[in-house]
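Worth saying up front: this structure is predicted, and the values here are computed from it rather than measured. Excluded from the calculations below are hydrogen atoms, water molecules and symmetry mates; all remaining heavy atoms, backbone and side chain alike, are included.
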Amino acid sequence: MKVAIYSRVLDLGHLTDIQLFFEELQQEHIVPVVFREFYEALRAQIKLPDGLATFSCSEELADDIEFIISLGGDGTLLDTATLVRDKGIPIAGINFGRLGFLASIGREEMQQAMRALSRRSYIIDNRSLIHLDASLPLFHDIPYALNEFAIHKRDVSPMVKIHTYINGELLNTYWADGLIVATPTGSTGYSLSCQGPVVFPDSGSFVITPIAPHNLNVRSIVIPDSTILSFEIESRSEDIIVALDARREIVHKSVQLAVRKETFGISLVRLTENNFLQTLRNKLSWGFDKRNPGGA
């Protein structure tokens, strides 16, 4: 079995765990192909297998790659999704970050996870993506996101006015600092921090959440992901910020924007013991009485 390994930063405090990770791969006869920048940062720090192959872009992920393992937090896994594109390679996220909604495999579970991969005793969760169409080229050849699409005002600008249409019919005009359109996966991210609802990953929906709306009676709305959302923006500033996950571009306010469900999705690997409800309870501390650390 051959797997790709991606990570974007090297934290010296994680070297022991990373060394253990490569030893587990070797123990399970899993052949790693490592992201080149990560390999260059690692090779002087830990003992790596001889003749280790590397890759530097999506095009170098060969057809015999069965999985891609993301070492980091949720941000690293979002980067990994831009490498996978429409290749259909499942992503296994090992959490070296903080919250870990997407990178749900803990460092203490590495041995179990590598054994599950080699024995193919895991579950694949299919996640939808959101696709951006614009009147000018944006985000090169990666115009999709796993978590969300967002429109933001520039940092020093007043609030913007975002006319939002569903299949060409006006939904609302948002006076706000911005607007988020989240996938079900992204409903536990930026949208949640702006008081948006949590929706299940297989719900087939988008969540529209305003950012600091001027009208306090404006709330999030959940719509089917079979619809097309389009936007017209008014702003005192000439430019706005358009974002797909953590990637951002500054564009003129006259840009025409529309989002829809992407034609392909992303597959996430999870261990059979974990599921979405357990993740919610563990990550959001649902059902735990903080006054009594020993019980619920």
Side-chain angles (χ1 to χ4, degrees), residues 1-97 100-127 146 264-275 278-279:
M1 174 186 291
K2 186 179 289 186
V3 302
I5 311 296
Y6 176 79
S7 187
R8 58 184 182 179
V9 293
L10 176 62
D11 187 328
L12 296 180
H14 296 154
L15 287 177
T16 300
D17 288 322
I18 293 173
Q19 180 71 72
L20 177 62
F21 168 73
F22 279 97
E23 291 172 0
E24 290 296 337
L25 289 177
Q26 190 169 17
Q27 180 71 24
E28 296 296 331
H29 306 289
I30 298 174
V31 179
V33 180
V34 182
F35 187 63
R36 190 161 299 138
E37 290 182 18
F38 186 48
Y39 168 77
E40 294 296 337
L42 275 183
R43 64 177 183 170
Q45 303 291 337
I46 66 172
K47 179 175 175 55
L48 293 169
D50 295 331
L52 196 63
T54 62
F55 73 100
S56 61
C57 60
S58 176
E59 289 73 20
E60 294 179 6
L61 290 174
D63 293 339
D64 59 350
I65 298 291
E66 294 193 42
F67 301 94
I68 183 165
I69 299 175
S70 168
L71 300 178
D74 287 350
T76 303
L77 194 142
L78 292 175
D79 279 355
T80 308
T82 66
L83 288 170
V84 171
R85 303 188 187 181
D86 60 352
K87 294 177 179 292
I89 304 173
I91 302 172
I94 297 180
N95 185 26
F96 281 77
F101 263 102
L102 300 176
S104 59
I105 301 172
R107 279 180 285 172
E108 70 282 357
E109 299 176 295
M110 278 195 300
Q111 184 178 28
Q112 178 186 358
M114 295 308 100
R115 188 179 301 118
L117 287 185
S118 68
R119 292 159 175 73
R120 292 174 171 79
S121 57
Y122 49 78
I123 292 176
I124 295 290
D125 287 331
N126 296 311
R127 301 296 181 96
L146 177 57
F264 59 90
I266 290 291
S267 299
L268 300 181
V269 175
R270 68 174 167 91
L271 305 181
T272 54
E273 291 81 3
N274 300 323
N275 60 37
Q278 289 174 321
T279 300

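- For R115, there are no salt bridge (Lys or Arg N to Asp or Glu O under 4.0 Å) partners at least two apart in sequence or on another chain.
- Listed by first and then second residue, the ring pair (Phe, Tyr, Trp, His ring centres under 6.0 Å) pairs involving residues 40-61 are F35-F55 (not counting sequence neighbours).
- Contacts of A113 classified as side-chain contact (heavy atoms from CB on, under 4.5 Å), with partners at least two apart in sequence or in another chain: I105, L271.
- The stretch residues 13-26 participates, sequence neighbours left out, in these salt bridge (Lys or Arg N to Asp or Glu O under 4.0 Å) pairs: D17-R107.
- Between A103 and G72, the closest heavy-atom pair is CB-O, 3.8 Å.
- Put simply, CG on D74 and CG on L102 are 4.0 Å apart, with the number rounded to the nearest 0.5 Å.
- Looking at residues two or more places apart in sequence or on another chain, you find a side-chain contact (heavy atoms from CB on, under 4.5 Å) between S58 and R85, K87.
- Taking CD from Q112 and CG from L117, the interatomic distance works out to 11.0 Å, rounded to the nearest 0.5 Å.
- In terms of heavy atoms, I89 sits closest to I68 at CG2-N, 3.7 Å.
- D64 is linked by a side-chain contact (heavy atoms from CB on, under 4.5 Å) to K2, A62, counting only residues two or more places apart in sequence or in another chain.
- Among residues two or more places apart in sequence or in another chain, the side-chain hydrogen bond (donor to acceptor under 3.5 Å, both in side chains) test is passed with S267 by N126.
- For residues 30-39, the salt bridge (Lys or Arg N to Asp or Glu O under 4.0 Å) pairs, not counting sequence neighbours, are R36-E60.
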Atom pairs and distances, donor-acceptor, side-chain atoms in residues 41-51, under 3.5 Å, two or more places apart:
from	atom 1	to	atom 2	distance (Å)
R43	NE	E40	OE1	3.2
R43	NH2	E40	OE1	3.1

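- The distance from the OG1 atom of T54 to the CD1 atom of I5 is 12.5 Å, given to the nearest 0.5 Å.
- No side-chain heavy atom of Q27 sits less than 4.5 Å from a side-chain heavy atom of Q111.
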Intermediate values then yes/no, side-chain contact (heavy atoms from CB on, under 4.5 Å), I124 and V269: CA-CA 5 Å; I124 295 290; V269 175; 3.7 Å; yes
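- Residues passing the side-chain hydrogen bond (donor to acceptor under 3.5 Å, both in side chains) test with E28 are S118, R119, sequence neighbours excluded.
- Remark: F96 pairs with H14 by the ring-ring contact (aromatic ring centres under 6.0 Å, His included) rule, at least two apart or across chains.
- Listed by chain and residue number, F67 satisfy the ring-ring contact (aromatic ring centres under 6.0 Å, His included) test with Y122 (two or more places apart in sequence, or in another chain).
- To the nearest 0.5 Å, atom OG1 of residue T76 and atom CG of residue N95 are 9.0 Å apart.
- To the nearest 0.5 Å, atoms CD1 (I94) and CG (L77) are separated by 11.0 Å.
- To the nearest 0.5 angstrom, Y6 atom OH is 11.0 Å from L71 atom CG.
- Between the side chain of E109 and the backbone N or O of G106 there is at least one donor-acceptor pair closer than 3.5 Å.
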